[in-house]
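Working notes, beginning with the structure itself.
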2 protein chains.
Amino acid sequence: MRRMTARPANAHQARLLRLLRDEGPNSRAQLGDRVDLSRSRLAVEVDRLLETGLAVADGLAASRGGRRSHNIRLAPNLRFLGVDIGATSVDVAVTNAELEVLGHLTQPMDVREGPVPVFEQVLGMAAKLKASGLAEGFDGAGIGVPGPVRFPEGVPVAPPIMPGWDGFPVREALSQELGCPVMVDNDVNLMALGQMHAGAARSVDDYLCVKIGTGIGCGIVVGGKVHRGVTGSAGDIGHIQAVPDGRPCACGNRGCLEAHFSGAALAQDAVEAAQQGRSPQLAARLAEYGRLTAADVGAAAAAGDATCLDLIRDGGTRAGQVIAGLVSFFNPGLVVIGGGVTGLGHNLLAAIRTQVYRQSLPLATGNLPIVLDELGATAGVVGAARLISDHVFSPA
Amino acid sequence: MRRMTARPANAHQARLLRLLRDEGPNSRAQLGDRVDLSRSRLAVEVDRLLETGLAVADGLAASRGGRRSHNIRLAPNLRFLGVDIGATSVDVAVTNAELEVLGHLTQPMDVREGPVPVFEQVLGMAAKLKASGLAEGFDGAGIGVPGPVRFPEGVPVAPPIMPGWDGFPVREALSQELGCPVMVDNDVNLMALGQMHAGAARSVDDYLCVKIGTGIGCGIVVGGKVHRGVTGSAGDIGHIQAVPDGRPCACGNRGCLEAHFSGAALAQDAVEAAQQGRSPQLAARLAEYGRLTAADVGAAAAAGDATCLDLIRDGGTRAGQVIAGLVSFFNPGLVVIGGGVTGLGHNLLAAIRTQVYRQSLPLATGNLPIVLDELGATAGVVGAARLISDHVFSPA
DNA sequence: GGACTTCTTCCCGGCGCAGGACAAAGTCGT
DNA sequence: ACGACTTTGTCCTGCGCCGGGAAGAAGTCC
């Protein structure tokens, strides 16, 4: 069931495709304004894109004072699959060539079960999306996994929370199953790509994207490109020491950021606070559901629970200390905070901001926005689609 | 006394020039092996380089089994000026086009006197080098300053240790004086470029270069290019918190790495140790010279002074903690330790290594060399020459 | 309805560039 | 010493990229 997607023949065509992807339908004349090419050349390249079926004509554009131009848009039947595998759930979405999400499924899942059952589930979800008429086939798929990846090969390497995946040829296997090109990356990197396409980072070239969920990671974008490091483990900031001689961490050290502030750590703190009677609200929730999550802390804090506010503030301060260091080091133009704990909202953001603005030098923080992610689960799947679209929209 | 240096006309020529710069003289045939160009094209471009005088023919190369090829080398009369302005001294060197140092002067200087007297001194040193017959004029000059720089304009911005320089048009002024292109950068970035050209980083694309001198900074190289951050302050790691609620720092915070371990901090610790009678060796040196520097600590440690060994070990551990965080975050392929404290030698390196290998994750440290800088003062000036040569060897 | 603007197509000539043919210069074996 | 083979450098041809002019198509504005 292989689906042969045409590929751009040269860099000009690739450039045009990405422009159409990022800025939507555009008239030939507008395209001419954006890509430094002569009219004749542009006409030839656009015509070839139309011939190969990657783009289609789409009626007439509004006049700009003279003859009306023809609209060009990416082929409306192109489909990308975005998959975001988390620690405890999986997101699968279908997008069109402009990376608009046409359908999105979320299901609980345990990544520790290993690649084979997880992929069965993912393929089932993809089939479901296909069956609902959203796609006839896929022109590419991007996959995010919660651990480091040897990017060129698309293979997870030594992932701490998904040991069974070490060395599993994710890219190869999925490409076989889906019959289309596949790219694999760390989930945090994909979140960063999502921000680049649809989020706060659209006009920034150097930024950090901190994801605080079950674990903690950081997507690093340098000059508009994701920095993955020499072994694919760049951005693994969960095990930076935040508290000297602090809590023991699964990695064997003490005081790791992740041990003091993450979805897991926060839930544990919440349970302790409830059991010690420091927070009636949490105690009530614990009694009701039998367990607590970061969301419960956020809800209780929003309702005014002082203990929960303290937990959030302390955690934000810890995270802020580490982020302040990264800001001093990297001097980004933007920091985006995302992941499961985003539900803690502005209390968290305020604590992080305070710490960063206090600890980093004025030159680095002077014009540095620190914002919450606004895309939620969309960021990951859009980032995945963006990753593979960059690949498909590059010369063969 | 403007000297008009030819510039490459296209990217091919630029490529060839850089190849000749980095790998020395080469035969036409060898050049053909390294650049993906047809023989005809290559011949045309090389001939043009010869015509413009950027390169010269240099005899016949050894035979590779057939007709002997002609050697090509960069024009032997090209000269770059490398200037490295430190906090308390200045280095000026002349290099040829292959960035070999032909002459090198070092003089004490106080950067706080401001740009005008410092530049007078620099120009005097350059004139001295010229007068000794090393250069007739300069085809470009690179300048390193100990503070952040707005790179495109070549202007220092808000430099803490050189307040008088804020906004001074270094690039413009020196270009006027010297009559040649000038580029300005942070001294740490230039040290990193020096490692790339002549040091440990020749075959690495992503690495960090930590300079521990009067202050502490870090050069960041991503994909073979220096990362300067959005405001030019990337790598400013001296004010990352190393010790919660630690010593007060000039920046207004507490526990900054620089307050606990730098040339200045170490000298102060040494004086205290001497006065408190914890180190007879240091006391003797203090009595003799009236002051102490990091070098004294190194010498005493080498002679077996336990207190000094402790000072070095503690400092290395502090630095190692911060570097461990950077390694987790950035996942470099190499870390080079340089700057004034390199004199502390392997005791320092051992402490840093221990801490990094202990605190960072195995995937990031598995194949990570951490080495001492071997170039010393040469790194800065060669890096400066490399910076401007990259500029001169790019299409106009 | 006429003058002006904008957009598209067609066409020409220059340039970059690859690759083949050929000459020059050397090596190696006999 | 000589011929066969290899490597290197030069010349030439042809293709495709590409910019820009000219002309026509389509609209706007007065």
Side-chain angles (χ1 to χ4, degrees), chain A residues 6-20 23-52 54-74 393-396, chain B residues 6-20 23-52 54-74 393-396:
Chain A
R7 292 283 286 275
N10 58 41
H12 297 313
Q13 291 180 26
R15 174 90 196 282
L16 290 170
L17 290 172
R18 290 180 195 184
L19 210 62
L20 291 169
E23 312 198 354
N26 241 308
S27 73
R28 291 172 103 105
Q30 280 175 310
L31 289 175
D33 295 343
R34 332 259 295 115
V35 299
D36 191 33
L37 277 179
S38 69
R39 291 183 309 267
S40 36
R41 188 89 233 116
L42 177 67
V44 169
E45 300 299 0
V46 169
D47 284 347
R48 286 189 195 161
L49 288 180
L50 297 178
E51 272 172 37
T52 57
L54 280 167
V56 297
D58 188 32
L60 289 172
S63 167
R64 292 198 296 185
R67 174 172 170 180
R68 296 169 67 191
S69 182
H70 293 270
N71 262 334
I72 303 292
R73 60 177 302 173
L74 290 173
F393 291 164
S394 58
Chain B
R7 293 281 288 274
N10 59 41
H12 296 314
Q13 290 180 28
R15 175 90 196 282
L16 290 170
L17 290 172
R18 291 182 195 183
L19 209 63
L20 290 170
E23 313 199 352
N26 242 307
S27 73
R28 290 172 105 104
Q30 279 175 312
L31 288 176
D33 296 343
R34 330 253 309 133
V35 302
D36 191 32
L37 280 180
S38 68
R39 278 177 316 203
S40 36
R41 188 90 230 114
L42 177 67
V44 169
E45 300 298 0
V46 170
D47 285 346
R48 287 189 194 160
L49 288 180
L50 297 178
E51 272 172 39
T52 58
L54 279 167
V56 297
D58 187 32
L60 289 171
S63 167
R64 294 197 296 186
R67 175 175 170 177
R68 293 169 69 191
S69 184
H70 293 269
N71 263 334
I72 303 292
R73 60 177 302 173
L74 290 173
F393 291 164
S394 57

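Every chain is numbered from 1, with letters handed out A, B, ... down the list of sequences.
The base of dG9(D) does not come close enough to the side chain of Ser40(B) for any donor and acceptor atom to sit less than 3.5 Å apart.
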* To do: Show the numbers, then the answer: is there a side chain to side chain contact (heavy atoms under 4.5 Å, CB included) between Asn26(B) and Leu16(B)?
  => CA-CA 10 Å; Asn26(B) 242 307; Leu16(B) 290 170; over 6 Å; no
* Asked: Run the side chain to side chain contact (heavy atoms under 4.5 Å, CB included) check on Arg73(A) and Leu20(A) step by step: do they pass?
  -> CA-CA 6 Å; Arg73(A) 60 177 302 173; Leu20(A) 291 169; 5.8 Å; no
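Going from atom CG of Asn71(A) over to atom P of dC7(C) covers 12 Å, rounded to whole Å. Between Asn10(B) atom CG and dG16(C) atom P there is a gap of 8 Å when expressed in whole angstrom units. Distance CZ (Arg64(A)) to C1' (dC29(D)): 18 Å, rounded to an integer number of Å. Spacing between atom CG of Leu50(A) and atom C1' of dT8(C) amounts to 14 Å, rounded to whole angstrom units. Taking atom CG on Leu37(A) and atom C1' on dC17(D), their separation rounds to 11 Å, with Å as the unit. The CZ-P distance, from Arg41(B) to dT13(D), rounds to 18 Å in whole Å. Protein atom CD1 of Ile72(A) is 8 Å distant from nucleotide atom P of dT8(C), rounded to whole Å. Taking atom CZ of residue Arg68(B) and atom P of nucleotide dA23(C), one finds them 24 Å apart after rounding to whole Å.
Taking 4.0 angstrom as the limit, Ser69(B) places a side-chain polar atom (N or O) nearer than this to OP1 or OP2 of dG9(D). Between Arg67(B) and dG26(C), a side-chain N or O to OP1/OP2 separation shorter than 4.0 Å is absent. Taking 4.0 angstrom as the limit, Arg39(B) places none of its side-chain polar atoms (N or O) nearer than this to OP1 or OP2 of dT8(D). Regarding contacts with the backbone of dT9(C), a side-chain N or O of Arg28(A) is found under 4.0 angstrom from either OP1 or OP2. OP1 or OP2 of dC18(D) sits under 4.0 Å from a side-chain N or O of His12(A).
The existence of a salt bridge linking Arg41(A) and Asp36(A) is excluded, since no basic side-chain nitrogen approaches an acidic carboxylate oxygen closer than 4.0 Å.
Residues Arg15(A) and Pro8(A) form no side-chain contact, since every pair of their non-hydrogen atoms from C-beta on lies 4.5 Å or further apart. At a threshold of 4.5 Å between non-hydrogen side-chain atoms, the residues Leu31(B) and Glu23(B) do not count as touching.
Both Gly65(B) and Asp47(A) sit near DNA chain C, but only Asp47(A) has its closest nucleotide nearer the 5' end.
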